[in-house]
Amino acid sequence: MEMHNTGRPYTVVVRVDGTREGFAAAEYACSLCVKLKVKYRLIFLYVVALYRRTGLGLINRQTEQLNADIREDAEGAMTKCKQFLSRFESLVEYEWISVKDEGSVGPIVVGFIEDGLHTTVDLVVVGRTAESAFKSMVAGHVSDYLLQRLRCPVMVVKDEYDVSDDERDK
């Protein structure tokens, strides 16, 4: 199999969200980029998914309050993510991008990668959450959505991933 040899960097996008699973995906992607023998571009993507506004005044006021809470929670989660990622600054170069939009996380990620990033993405790395059967049945997993919709490879990392596992394999 021929490795990436074009003039552009091998682009890896990692969906991070402040959860253990998101951190496992970030750790996996950093480990991968350290091992790559080609120039890479590592992008950490944080998505703030807001509720859609309607045409009804009372509902819009409630939606705005909920969205304000989501924005506040997202600020804390982004700070937590950036603190976690700071441990990799001496190992890899990366970019931080946050996207705020109305809708569900999966479609926002797909839209950003396919239309908003303006570059070819070679790999998307995402954590797999261990949600309840009911929650995954109703809402689905973001990782499943990305696997079904993206036109590039998607690596799903379980929350047990630990970069030290790579060292034992040597």
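Only a predicted model underlies this, so the values are computations on that prediction, with no experimental measurement involved. All residue numbers in this chain count up from 1 along the given sequence.
- Between Val16 and Tyr46 the shortest heavy-atom distance is O-CD1, 3.3 Å.
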For this session: I would like to know whether Arg41 and Glu95 meet salt bridge (charged side-chain N to carboxylate O under 4.0 Å, His left out); could you show each step before the answer?
Result: CA-CA 8 Å; Arg41 180 178 179 201; Glu95 300 169 45; 2.6 Å; yes

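- The two residues Met78 and Ser98 come nearest to each other via the heavy atoms SD-CB, 3.7 Å.
- The shortest non-hydrogen separation linking Ala29 to Val14 is CB-CG2, 3.3 Å.
- Looking at Trp96 and Leu45, their side chains never come closer than 4.5 Å, going by heavy atoms from C-beta outward.
- Tyr94 meets the ring-ring contact (aromatic ring centres under 6.0 Å, His included) test with Phe44; sequence neighbours excluded.
- Taking a cutoff of 4.0 Å between a charged side-chain nitrogen and a carboxylate oxygen, Arg53 and Glu102 qualify as a salt bridge.
- Annotation: side chain of Cys152 is in contact with side chain of Val124 (closest heavy-atom distance under 4.5 Å).
- The side-chain heavy atoms of Ile108 and Val110, taken from C-beta on, include no pair separated by under 4.5 Å.
- Checked against the 6.0 Å centroid criterion, the rings of Phe23 and Phe84 qualify as a close aromatic pair.
- Counting only heavy atoms from C-beta outward, the side chains of Ile70 and Val48 approach each other to under 4.5 Å.
- Contact annotation: the side chain of Asp17 never approaches that of Val47 to less than 4.5 Å [non-hydrogen atoms, C-beta and beyond].
- Annotation: the span from Leu150 atom CG to Ile113 atom CD1 amounts to 5.0 Å, rounded to 0.5 Å.
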Problem set entry | Asn60 and Glu64: CA distance, side-chain angles, deciding distance, side-chain hydrogen bond (donor to acceptor under 3.5 Å, both in side chains) verdict | CA-CA 6 Å; Asn60 274 346; Glu64 284 306 316; over 6 Å; no

For this session: Could you give me the CA-CA distance, side-chain angles and deciding distance for Arg71 and Asp73, then say whether salt bridge (charged side-chain N to carboxylate O under 4.0 Å, His left out) is met?
Result: CA-CA 5 Å; Arg71 284 186 199 93; Asp73 291 346; over 6 Å; no

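- Using a 4.0 Å cut-off between charged side-chain N and carboxylate O, Arg8 and Asp122 make a salt bridge.
- Closest approach of Leu85 to Ala26, counting heavy atoms only: CD2-CB, 3.8 Å.
- For the residue pair Thr54 and Ile59, the shortest heavy atom distance occurs at OG1-CG2, 3.7 Å.
- In terms of heavy atoms, Ser104 sits closest to Ala49 at C-CB, 4.2 Å.
- You'll find the side chain of Leu123 reaches within 4.5 Å of the side chain of Met155, heavy atoms only.
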